[in-house]
Amino acid sequence: MLSARRLILKIGSALIADSETGEIRSHWLEELIEDVVRFFERRQQVIIVTSGAVAVGSSHFNQLDRPLRIEEKQTAAAIGQVRLMLAYEQSLKRHGFSLGQVLLTGEDIDNQHRRLNARSTLQQLLKVRAVPVINENDTTATAEICFGDNDRLAARVAEMVNADALILLSNVDGLFTGDPYDKPLARLVKEVRCITPEIEAMAAHSPARHSAGGMITKLMAARIAMDAGCAMVIAKGNKPYPLAAIENGGPSTCFIPLANGRVSRAPVPTAYRR
Ligand code: GLU
């Protein structure tokens with residue numbers, strides 16, 4: 001991470017929004033942005049991919065005691081996205097940075113013309129000291145808003161802008177050999193160099209299956225990132241200064257691509273294409 005020139009940082013809904021009230025966890029966000037600013041001071045570029053729009057906007061529907069329907073989620077996302085961006089903008093502004101909101105879908109990245117436009121916008125934003133903050137465009141997403149999509153979207157953004165590192169801040173320390181809640185002997189896998197069937201089996205039993213995206217989508221993201229020569233880190237985000245914690249040797253799982261970068265041009269897993 002210390003040597004990465006360009007990093008993609010993915011923030012899950014549960015980190016940015018209080019799960020009961022949908023309120024933005026501003027104190028946590030302040031500390032995260034301090035971490036991000038430290039990277040920029042070291043001449044490392046950071047692009048944020050954030051979830052949380054649905055979680056933040058859902059308070060508009062709190063009279064309902066059933067799960068939100070797709071159109072209600074899209075409505076919640078449209079309302080929540082504005083609040084989310086305002087919170088990021090306020091924090092960034094304190095450090096002299098602007099924010100550039102970018103809404104994307106997997107289909108935008110599939111389309112060469114749109115992908116080139118998106119890439120050029122992201123590059124231009126970074127040039128003018130505006131931190132790109134990306135979310136999936138939930139209004140035009142063609143299928144149900146699927147939690148975990150942003151893990152894969154973040155990996156595809158990493159591939160699109162040739163990032164060196166992708167950090168997924170999650171609610172678990174990383175990939176475990178089993179579910180540590182059930183099996184006290186389960187241990188954290190610190191490094192993965194190849195996604196083998198054994199690693200896949202670990203993901204299926206991971207405690208993160210209880211989280212929004214789960215470990216399965218994180219492995220899909222790891223595959224996309226590693227194929228693009230980009231390292232990926234999974235770490236728990238719910239702590240003060242979560243990026244500093246990783247750099248100081250805190251628990252995490254690091255997926256390391258082969259040294260020669262782009263190892264294959266494997267197509268994006270069909271699961272991403274809805
Ligand atoms: N785009 C959704 C939101 O902002 C989240 C999707 C995801 O968590 O992967 O709420």
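None of the values given here were measured: they were computed from a predicted structure. As the structure lists them, so they are numbered: ligands from 1, and atoms in each ligand from 1.
Any N or O atom pair closer than 3.5 Å counts here, and E136 shares no such pair with ligand 1. Distances between N or O atoms of K10 and those of ligand 1 include no value under 3.5 Å. Checking only distances, A55 never comes within under 3.5 Å of ligand 1, N or O to N or O.
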*Trace of the side chain to side chain contact (heavy atoms under 4.5 Å, CB included) decision for Q123 with L126*: CA-CA 5 Å; Q123 280 163 348; L126 288 164; 5.6 Å; no

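Checked by atom type and distance alone, the side chain of T253 pairs as donor or acceptor with a backbone atom of V189 at under 3.5 Å. Put simply, the side chain of D164 gets close to the backbone of R6: a donor and an acceptor are under 3.5 Å apart. Side chain of N150 to main chain of T50: a donor-acceptor pair is present (N/O by atom type, distance under 3.5 Å, no hydrogens or angles). Side chain of D227 to backbone of I224: no donor-acceptor contact under 3.5 angstrom is found.
Close contacts between ligand 1 and D138 involve ligand atoms 1 (N), 2 (C), 3 (C), 4 (O) [criterion: under 4.0 Å to a heavy atom]. Close contacts between ligand 1 and D149 involve ligand atoms 9 (O) [criterion: under 4.0 Å to a heavy atom].
At a 4.0 Å cut-off, not a single heavy atom of A77 sits close enough to ligand 1 to count as contact.
Within a 6.0 Å radius of CD in E198, no more than 12 heavy atoms belonging to other residues, nucleotides or ligands are found.
Only the side chain of N135 comes within contact range of ligand 1, with a heavy atom under 4.0 Å; no backbone atom does.
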